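Report on the structure given below.
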Amino acid sequence: MKHFLRMFFQVCLYFYCKCLWRCLKFVVRKLTGQCELQRICYNTKPGAARTMKIEASLKGSKSKRLQTSVNVHPDAIEKTIDDIMELKRINPDINPQLGVSLQACLLQIVGYRNLIAEVEKLRREPYDSENPQHEEMLLKLWKCLKPNSPLKARISKQWCEIGFQGDDPKTDFRGMGLLGLYNLVYFAEWDTEIAQQVLTDSLHPKYSQLSKAEWEKKKFDKAIGYSFAIVGINITDLAYNLLVSGALKTHFYNVAPEAPTLTHFQQTFCYLMHEFHKFWIDEDPLDIMEFNRVREKFYKRILRQLQNPEMALCPHFAASESLINM
């Protein structure tokens, strides 16, 4: 009986708050002469703060047309904006900037949804050693990371030198599919200097902090390093979870003036890979068995950062200077 009453009270409270909120919105519109979408666009600067408020407003609307506007095809965004303006009885000639602002927000919202679909497709596609394109990407990864050390054979223990578990890397991509390979190749090709440095440091991360004598004592202690490629696939999983959960909306809505793309996701992976490497060294784990603990702590730190609506994880990759006052 107590459980029923508690549930009944919570349901009543929900509908009371919902009705109260709608009444409040009605009163504010009458007082200001502006709908909620107008107030958001005029009073909130472009970026995550504005786009996330617009997204919440559209999804929470009692109008089905507004609710579905966040799921339209990118080519239908302009017509959707016209429909919103008509539904809200807003004259586009008097409020020309509103249409521009709403369009920018919808491009980000729809783009984020499409990015999830694109990333998911790559994650679900398994590595195929019979596919020439897959093989070419894998060999490119080696050449970018070890340009002065030719690979002696496709099946080789040399793969362990860049952090794979055995003599054939294809088995290590099972968890993240092609997405893991795409990210590693992007990191190695477009941020080559940092990627090579992280690889070197992953083999002996404390070398620069120790004297030669101290290093000689510690160099056989495998616990002070980690497997670069395997960790890269693991960080791909971390980035994927941040994306699917919606946590990366803050970052992407701040760095992508329009629709976030796969390139934005890969740049974010590069940032996370580099930051995790520094975090691993700072944590100074006793052995590799502490990897999950360190990863979870790192994940929570990134989540906390993304709770800030002003957050852009990797501004040096960002197109944030293009976020003009739309």
Side-chain angles (χ1 to χ4, degrees), residues 18 20-118 243 246 248-265 267 306 308-315 317-326:
K18 193 171 184 179
L20 184 64
W21 174 245
R22 294 197 187 281
C23 291
L24 182 61
K25 285 172 64 176
F26 176 79
V27 171
V28 173
R29 172 155 193 171
K30 289 298 180 182
L31 291 175
T32 63
Q34 297 177 344
C35 70
E36 185 178 37
L37 296 176
Q38 287 175 294
R39 296 194 301 273
I40 293 172
C41 288
Y42 295 154
N43 300 323
T44 310
K45 67 179 183 179
R50 178 192 286 179
T51 302
M52 293 176 79
K53 286 180 180 179
I54 291 293
E55 186 174 12
S57 178
L58 292 172
K59 287 182 176 180
S61 173
K62 61 182 179 182
S63 168
K64 287 293 182 183
R65 289 171 67 185
L66 292 184
Q67 290 175 14
T68 57
S69 65
V70 298
N71 298 316
V72 299
H73 190 276
D75 294 340
I77 286 179
E78 285 191 29
K79 183 181 182 307
T80 301
I81 298 300
D82 292 338
D83 292 342
I84 292 174
M85 301 283 273
E86 180 183 354
L87 184 64
K88 290 294 185 178
R89 299 175 184 174
I90 300 171
N91 188 332
D93 296 327
I94 299 176
N95 302 273
Q97 194 61 34
L98 179 63
V100 176
S101 298
L102 286 176
Q103 184 174 3
C105 291
L106 270 186
L107 281 169
Q108 290 183 318
I109 295 166
V110 172
Y112 191 92
R113 184 201 67 201
N114 291 341
L115 176 59
I116 290 177
E118 185 178 5
L243 177 72
L248 277 179
K249 285 181 179 180
T250 306
H251 167 64
F252 286 143
Y253 290 170
N254 281 327
V255 302
E258 294 185 349
T261 64
L262 182 62
T263 299
H264 288 108
F265 180 77
Q267 289 169 347
L306 290 170
N308 177 5
E310 305 292 325
M311 188 63 189
L313 289 177
C314 39
F317 288 125
S320 53
E321 63 274 9
S322 299
L323 278 173
I324 58 175
N325 190 24
M326 295 180 177

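None of these values were measured; they are calculated from a predicted model. All values below come from the heavy atoms of this structure, side chains included, with hydrogens, waters and symmetry mates left out.
- The structure places CZ of R65 at 12.5 Å from CG of L58, a figure rounded to the nearest 0.5 Å.
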For a side-chain contact (heavy atoms from CB on, under 4.5 Å) check, start with the C-alpha distance between I90 and L37, then their side-chain angles and the critical distance, and finish with the verdict. CA-CA 10 Å; I90 300 171; L37 296 176; 5.8 Å; no
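- Atom CD of Q67 has more than 12 heavy atoms from other residues, nucleotides or ligands within 6.0 Å.
- Counting all heavy atoms, side chain and backbone alike, Y42 lies closest to L98 at OH-CB, 3.8 Å.
- One distance of note links CD1 of I54 with OG of S101; it measures 8.0 Å at 0.5 Å rounding.
- Residues P309 and N254 share a closest heavy-atom pair of O-ND2, 2.9 Å.
- Between M52 and T250 there is a side-chain heavy-atom pair separated by less than 4.5 Å.
- Nearest heavy-atom pair across Q103 and I81 is N-CD1, 3.7 Å.
- Atoms CD and NZ, from E86 and K79 in turn, are 8.5 Å apart once rounded to the nearest 0.5 Å.
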Quiz prompt | Derivation of the side-chain contact (heavy atoms from CB on, under 4.5 Å) call for S69 and I84 | solution = CA-CA 8 Å; S69 65; I84 292 174; 4.3 Å; yes
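- Rounding to the nearest 0.5 Å gives a distance of 10.5 Å between CG of N71 and CG of L106.
- Looking at heavy atoms from C-beta onward, L102 lies out of side-chain contact with T80 at the 4.5 angstrom threshold.
- Panel note: side chain E258, backbone L107; no donor-acceptor pair is recorded below 3.5 Å.
- Nearest heavy atoms, R50 versus I40: O-CG2, 3.9 Å.
- The closest donor-acceptor contact from the side chain of Q108 to the backbone of A256 lies under 3.5 Å.
- Across all non-hydrogen atoms, the minimal contact from M85 to G99 is CE-N, 4.3 Å.
- In terms of modelled atom types and a separation under 3.5 Å, the side chain of T44 and the main chain of C41 share no donor-acceptor contact.
- Listed here is the closest heavy atom pair of S57 and E36: OG-OE1, 2.7 Å.
- Looking at F252 and T51, their side chains never come closer than 4.5 Å, going by heavy atoms from C-beta outward.
- Counting only heavy atoms from C-beta outward, the side chains of Q267 and T263 approach each other to under 4.5 Å.
- Between the side chain of Y253 and the main chain of P46, no donor-acceptor pair closer than 3.5 Å is present.
- Distance CD/Q38 to CG/N43: 10.5 Å, rounded to 0.5 Å.
- Salt bridge status for R113 with E55: absent, with no side-chain N to carboxylate O gap under 4.0 Å.
- R39 has its side chain out of reach of K53: every pair of non-hydrogen atoms, C-beta onward, lies at least 4.5 Å apart.
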